[in-house]
Protein chains: 2
Amino acid sequence: MEKKKLKTMTLDQMKDKHIGKVGTEKRDKYEFDLQLEILGETIKSVRKERNLTQEQLGSLIGVQKSQISKLERNTKNVTIETILKVFKALKTNVKLSVQMNEFDFEIA
Amino acid sequence: MEKKKLKTMTLDQMKDKHIGKVGTEKRDKYEFDLQLEILGETIKSVRKERNLTQEQLGSLIGVQKSQISKLERNTKNVTIETILKVFKALKTNVKLSVQMNEFDFEIA
DNA sequence: TAAAAAGTTGATATATATGGAAACTTTTCG
DNA sequence: CGAAAAGTTTCCATATATATCAACTTTTTA
């Protein structure tokens with residue numbers, strides 16, 4: 001997690017992406033039904049917002065860029081551990097909400 | 001998914017668990033940071049609320065009760081596919097929300 | 001309190017998620 | 001356009017998640 005030379009993202013770089021709103025004001029939030037397909041897209045879009053290449057994200061986690069590519073295009077299923085690892089590296093919080101539909105549950 | 005003899009959960013059974021509130025009024029919702037430990041507990045608590053045994057839940061999915069036990073006590077990591085399968089059987093909706101912390105992202 | 005039901009654990013087999021390496025394609029930019 | 005950077009894909013190895021079965025422990029209930 002700790003690196004020697006830190007290059008903090010400049011405000012100008014930020015302005016390019018988030019016009020007007022600054023700092024704590026603007027907080028991007030993605031919410032969606034848990035699906036494999038969407039998850040990959042989300043990783044990609046968060047990574048983009050962090051202005052990272054697949055290679056950079058990979059090195060934060062300790063994997064090759066090809067691995068990131070695979071996760072983003074999810075050709076495969078994913079484990080929770082991987083999800084946590086990726087979003088932690090992206091300094092992004094992940095919440096899971098579980099909502100029971102109705103009381104009409106029935107058993108055989 | 002389709003079974004011959006359906007035994008719908010009676011309202012009385014429900015009242016035991018959800019005092020006062022009836023039907024669509026009361027909807028249980030669990031929300032938590034995505035963590036392995038909590039997830040297992042959640043499966044268990046939703047299953048209990050559905051008044052199912054591990055064996056019954058297992059048969060809905062097509063696995064043995066021992067497998068459900070392991071998921072609930074999660075001795076292991078879990079894949080998204082498994083999460084989806086379990087909660088679908090429990091007629092429970094699963095949402096994932098992803099929130100970016102700040103703009104203070106830094107790269108080496 | 002004994003039997004039945006529910007849940008746990010360990011051994012084991014199999015499927016598949018993770019990951020690297022390298023070649024390849026696509027995008028970016030001088 | 002042509003080179004560099006970024007992203008993708010294929011082949012492959014390895015770790016591990018899924019799952020069963022059977023024996024065991026714990027809980028429930030008649």
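Chain letters run A, B, ... following the sequence lines, proteins first, then strands; residues in each count from 1.
- The interatomic distance linking A/N74 (CG) with D/dG7 (P) rounds to 16 Å, in whole Å.
- Across all strands shown, B/S69 has heavy atoms under 4.0 Å from base atoms, whether or not it also approaches the sugar-phosphate.
- In this structure, A/L84 atom CG and C/dA17 atom C1' are separated by 15 Å, rounded to whole Å.
- Atom CD1 of B/I38 and atom CG of B/D33 lie 7.0 Å apart (nearest 0.5 Å).
- The distance between atom CD1 of A/I68 and atom C1' of C/dT18, rounded to the nearest whole Å, is 11 Å.
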*List the steps, then state whether side chain to side chain contact (heavy atoms under 4.5 Å, CB included) holds for B/M100 with A/E49.*
CA-CA 9 Å; B/M100 293 172 58; A/E49 220 146 347; 3.9 Å; yes

I'd like a table of donor-acceptor pairs (distance under 3.5 Å, sequence neighbours excluded) in which one partner is a side-chain atom from residues 66-74 of chain A, with atom names and distances.
{"unit_1": "A/E72", "atom_1": "OE1", "unit_2": "A/R47", "atom_2": "NH2", "d": "3.1"}
{"unit_1": "A/E72", "atom_1": "OE1", "unit_2": "A/Q54", "atom_2": "NE2", "d": "3.1"}
{"unit_1": "A/E72", "atom_1": "OE2", "unit_2": "A/R47", "atom_2": "NE", "d": "2.5"}
{"unit_1": "A/E72", "atom_1": "OE2", "unit_2": "A/R47", "atom_2": "NH2", "d": "3.3"}
{"unit_1": "A/N74", "atom_1": "ND2", "unit_2": "A/L36", "atom_2": "O", "d": "2.3"}

*Could you walk me through whether A/T42 and A/F87 pass the side chain to side chain contact (heavy atoms under 4.5 Å, CB included) check?*
CA-CA 10 Å; A/T42 305; A/F87 284 110; 4.2 Å; yes

*Going 5' to 3' through nucleotides 13-30 of chain D, assign each nucleotide B (protein heavy atom under 4.0 Å from a base atom), S (under 4.0 Å only from sugar-phosphate atoms) or - (no protein heavy atom that close).*
----SBBBBB--------

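- Atom CG of A/L39 is separated from atom P of C/dA17 by 13 Å (rounded to the nearest Å).
- When only modelled atom types and interatomic distance are considered, A/Y30 and B/S97 share no side-chain donor-acceptor pair under 3.5 Å.
- Going from atom OG1 of B/T92 over to atom CD1 of B/I83 covers 13.0 Å, rounded to the nearest 0.5 Å.
- Note: NZ (B/K48) to C1' (C/dG7) measures 9 Å, nearest angstrom.
- Look at CD1 on B/I43: it is 12 Å from P on C/dT8, rounded to the nearest Å.
- The interatomic distance linking A/R73 (CZ) with C/dT26 (C1') rounds to 11 Å, in whole Å.
- What separates CZ of A/R47 from C1' of D/dA5 is a distance of 13 Å, to the nearest Å.
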